[in-house]
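Working notes for the structure below.
The shown structure was predicted, so the numbers you read here are calculated from the model rather than taken from an experiment.
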Amino acid sequence: RPDHMVTKTTELRGILETAAALDPPQPTVVYFHCDAGMDRTGEVYGDYKMMYGNQTYEQVYAYDNTIEGPGGRKIHDVSNNALEWMCLYLQQQPGAFDPQCNKCQ
């Protein structure tokens, strides 16, 4: 199956930019959620923050692992792999923020 996360993250950014460009700018709520709010949700959050928030892989991974609080379960491997993929993808883009993927290898 093809990975559509780059497209979906770019579409999310477009929605937010459109709302911000209105006169007056409109507050926008984007709601995405999965079962525990940390796997697919954490992946979308992490991808967005690496692409547009200049957060490193290590920062978004640490955030994903704090969602359930101290002693809570860690992000699933498949979702972590997706974060790593996005990190490596961004690292290869000319002029893009370097999310410091060396922490995920």
Which value, rounded to the nearest 0.5 Å, describes the distance between [X] atom [atom1] and [Y] atom [atom2]?
X     : Y     : atom1 : atom2 : result
Ser79 : Glu84 : OG    : CD    : 11.0 Å
Leu90 : Asn54 : CG    : CG    : 10.0 Å
Thr18 : Arg13 : OG1   : CZ    : 11.0 Å
Thr9  : Glu43 : OG1   : CD    : 8.0 Å
Tyr57 : Met86 : OH    : CE    : 13.5 Å
Asp98 : Gln93 : CG    : CD    : 12.0 Å

Item to check | Heavy-atom check, side chain of Asp47 versus side chain of Trp85, under 4.5 Å | outcome: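 They are not in side-chain contact.
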Checklist entry - More than 12 non-hydrogen atoms from neighbouring residues, nucleotides or ligands closer than 6.0 Å to OH on Tyr89, yes or no? => result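 Not more than 12 within 6.0 Å, no.
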Item to check | Cluster overlap Met51 with Leu16, hydrophobic side-chain contacts below 4.5 Å | outcome: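 Same cluster: Met51 reaches Leu16 through Ile, Leu, Val, Met, Phe, Trp or Tyr contacts under 4.5 Å.
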Item to check | For Phe97, ring pair (Phe, Tyr, Trp, His ring centres under 6.0 Å) partners two or more places apart | outcome: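 Residues passing ring pair (Phe, Tyr, Trp, His ring centres under 6.0 Å) with Phe97: none at all.
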Checklist entry - Between Leu83 and Met50, is a side chain to side chain contact (heavy atoms under 4.5 Å, CB included) present by the stated rule, with each step listed? => result CA-CA 9 Å; Leu83 280 177; Met50 283 190 290; 4.1 Å; yes
Checklist entry - Do the ring planes of Tyr48 and Tyr52 sit parallel (below 30°), tilted (30 to 60°) or perpendicular (above 60°)? => result tilted
Item to check | Heavy-atom closest contact (Asp64 atom, Ile75 atom, distance) | outcome: OD2-CD1, 3.4 Å
